[in-house]
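Worksheet: one structure, shown below.
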Amino acid sequence: MNHRTILQEISILDLPGLHVGHAQNTTAKTGVTVLLFDHGARVGIDISGGGPASRETPLANPETADNPVNAIVLSGGSAYGLSASEGVMRYLEEHGIGYPTGFANVPLVLQSCIYDLGIGDANIRPDAQMGYDACANAQIPCTDPSLLQGNVGAGIGATVGKICGMERADKSGIGIHAVSIGPLKIAAIVVLNALGDIFNPETGQKIAGLHNEDRSDYVDTRDILYQMFTPTDLFTGEEKSGNPVPLPSTNTTIGAIITNGNFSKAELCKLASMTRCAYARCINPVGTMADGDSIYAASIGKIDADINMVGTLAAEIMEKAIQKAVSI
């Protein structure tokens, strides 16, 4: 039996208690995507890139208090985009959602950002109002889940294959894939904004990334990387003088796995790290110091499931989400 015959594709909105909302500035090419959890979520994280822009990630550390997270925010704007969480907190507070301190409910909100300042208007970034609007949009019933992915929200300014600049890169966006296996449901959402090229891991075919100068064909980013940083000139054999030009730090792929499986924060961190295999299979190079690659894993249910099976499945559906993010 092919294992895919026992997997049923579902909508990400089939996970009970999860809401997904986007807000974006289409002119500036930047935006916000919010995952809201009606009953809170236990969350773990894996960070493999060298330059993450993030907020409150210690809440996903198994050594911190096991308080339910109310929202995960994915945004553009690099570190400037962290302002979006202020609007998310305001929205949640207005609706009585947050950790009760006795004096106020404090919403627990995690956030990661991509660098999208190189496309659109670098002076306009996600702000508190955009975060608030994404929350409000998450509450509007969605009749067509396919509209939740593509050039929307945090993905509106996403690009891939950028080692030689935007003129040779490809547009990408948000990808989503979700499946059920028996009572277990699991979804992947990714904002694909990578330095590297994108591949179909089943065929090895490159499906997006760096082009040659006239955009008539693809070029392998690894070849450019090796040429840039080889200590000697590959053509003359002479030692290169001076410091090499640093890689453009204009990247970062951020994503989340959401499941109704019942896992601890420590197990969710392991689940997130297993999901990273999808990044390695689909993106090359990946996890460089010029990326801020991060993956959240959130548990919003009580279904008992084996961590090995769910981690393996999470990587597989993240692969599908990554491929969808470039088929826009």
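Just so you know, these numbers come straight off a predicted model, no measurement behind them. Note: hydrogens, waters and symmetry copies are ignored here, and every other heavy atom, side chains too, is used.
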[atom1] of [X] to [atom2] of [Y]: how many Å apart, nearest 0.5 Å?
| X | Y | atom1 | atom2 | answer |
| --- | --- | --- | --- | --- |
| Leu313 | Met274 | CG | CE | 10.0 Å |
| Leu147 | Cys142 | CG | SG | 6.0 Å |
| Thr252 | Leu74 | OG1 | CG | 12.0 Å |
| Cys282 | Ile207 | SG | CD1 | 7.0 Å |
| Arg168 | Thr159 | CZ | OG1 | 14.5 Å |
| Lys265 | Ser299 | NZ | OG | 12.5 Å |

In one Ile/Leu/Val/Met/Phe/Trp/Tyr side-chain cluster, 4.5 Å: [X], [Y]:
| X | Y | result |
| --- | --- | --- |
| Ile119 | Tyr115 | no |
| Ile45 | Leu268 | no |
| Phe263 | Ile295 | yes |
| Met89 | Leu110 | no |
| Leu271 | Ile258 | no |

Less than 4.5 Å apart, side chain to side chain, heavy atoms only: is that true for [X] and [Y]?
| X | Y | result |
| --- | --- | --- |
| Ile224 | Cys164 | yes |
| Lys171 | Asn151 | yes |
| Gln24 | Val152 | yes |
| Asn260 | Lys302 | no |
| Cys113 | Ser75 | yes |
| Asn105 | Pro100 | yes |
| His22 | Val32 | no |
| Val326 | Leu192 | yes |

Using a 3.5 Å distance criterion without hydrogens, assess whether the side chain of [X] forms a donor-acceptor pair with backbone atoms of [Y].
| X | Y | result |
| --- | --- | --- |
| Asp293 | Thr253 | yes |
| Asn70 | Val109 | no |
| Arg215 | Ala169 | yes |
| Asp197 | Asp220 | no |
| Thr101 | Ala104 | yes |
| Ser264 | Glu267 | yes |
| Thr57 | Ser54 | no |

Can you name the nearest heavy-atom pair linking [X] to [Y], along with the distance?
| X | Y | answer |
| --- | --- | --- |
| Thr33 | Gly153 | OG1-CA, 3.6 Å |
| Ile257 | Met318 | CD1-CE, 4.2 Å |
| Ser85 | Val73 | OG-CG2, 3.9 Å |
| Gly157 | Asn193 | O-OD1, 4.0 Å |
| Pro52 | Ile47 | CG-CG2, 3.8 Å |
| Pro285 | Thr221 | CD-CG2, 3.7 Å |

Practice task
Using a cut-off of 6.0 Å, state whether more than 12 heavy atoms not belonging to Glu213 lie near its atom CD.
Solution key: no

Practice task
Kindly check if the number of other-residue, nucleotide or ligand heavy atoms within 6.0 Å of CD (Glu94) is above 12?
Solution key: yes

May I have the list of side-chain donor-acceptor pairs in residues 120-130 shorter than 3.5 Å, sequence neighbours left out?
residue, atom, partner, partner atom, Å
Asp121, OD1, Asn123, N, 2.9
Arg125, NE, Ala122, O, 2.9
Arg125, NH2, Ala122, O, 3.4
Asp127, OD1, Gln129, N, 3.3
Asp127, OD1, Met130, N, 3.0
Gln129, NE2, Asp133, OD1, 2.8

Exercise for the section: Could you please spell out the steps behind the side chain to side chain contact (heavy atoms under 4.5 Å, CB included) verdict for Val106 and Glu93? Expected result: CA-CA 7 Å; Val106 179; Glu93 182 183 28; over 6 Å; no

Could you list the donor-acceptor pairs under 3.5 angstrom formed by side chains in residues 9-17, with sequence neighbours left out?
residue, atom, partner, partner atom, Å
Glu9, OE2, Lys324, NZ, 3.2
Ser11, OG, Leu13, N, 3.0
Asp14, OD2, Ser11, N, 3.0

Practice task
Answer with yes or no whether the side chains of Asn284 and Lys206 bring together a donor and an acceptor at under 3.5 Å.
Solution key: no

Handout entry: Pair Ser112, Tyr296: side-chain N/O donor-acceptor within cut-off below 3.5 Å
Key = yes

Problem - Worked check of side chain to side chain donor-acceptor pair (under 3.5 Å) between Ser216 and Asn212 - result: CA-CA 7 Å; Ser216 61; Asn212 58 13; 3.0 Å; yes

Problem - Of all pairs that satisfy ring-ring contact (aromatic ring centres under 6.0 Å, His included), the ones with a partner from residues 191-216, not counting sequence neighbours - result: His211-Tyr218

Exercise for the section: With side chain to side chain contact (heavy atoms under 4.5 Å, CB included) as the test, would you mind laying out the steps for Gln323 and Asn200 before giving the verdict? Expected result: CA-CA 7 Å; Gln323 292 174 75; Asn200 178 334; 3.3 Å; yes

Problem - With sequence neighbours excluded, residues passing ring pair (Phe, Tyr, Trp, His ring centres under 6.0 Å) with Tyr279 - result: none

Practice task
Before accepting this row, confirm whether a basic side-chain N of the pair Lys162/Asp170 lies closer than 4.0 Å to the acidic partner's carboxylate O.
Solution key: no

Handout entry: Residue pairs, two or more places apart or on separate chains, that pass side chain to side chain donor-acceptor pair (under 3.5 Å) and touch residues 268-278
Key = Asp46-Arg276

Practice task
Using the side chain to side chain contact (heavy atoms under 4.5 Å, CB included) rule, take Leu18 and Leu36 through it: C-alpha gap first, then chi angles, then the decisive distance, then the call.
Solution key: CA-CA 6 Å; Leu18 171 66; Leu36 298 178; over 6 Å; no

Practice task
Could you check Ile163 against Leu195 for side chain to side chain contact (heavy atoms under 4.5 Å, CB included), going step by step and ending with a plain yes or no?
Solution key: CA-CA 6 Å; Ile163 197 168; Leu195 174 77; 4.0 Å; yes

Problem - Results of side-chain hydrogen bond (donor to acceptor under 3.5 Å, both in side chains) for Ser327 - residues two or more places apart only - result: none

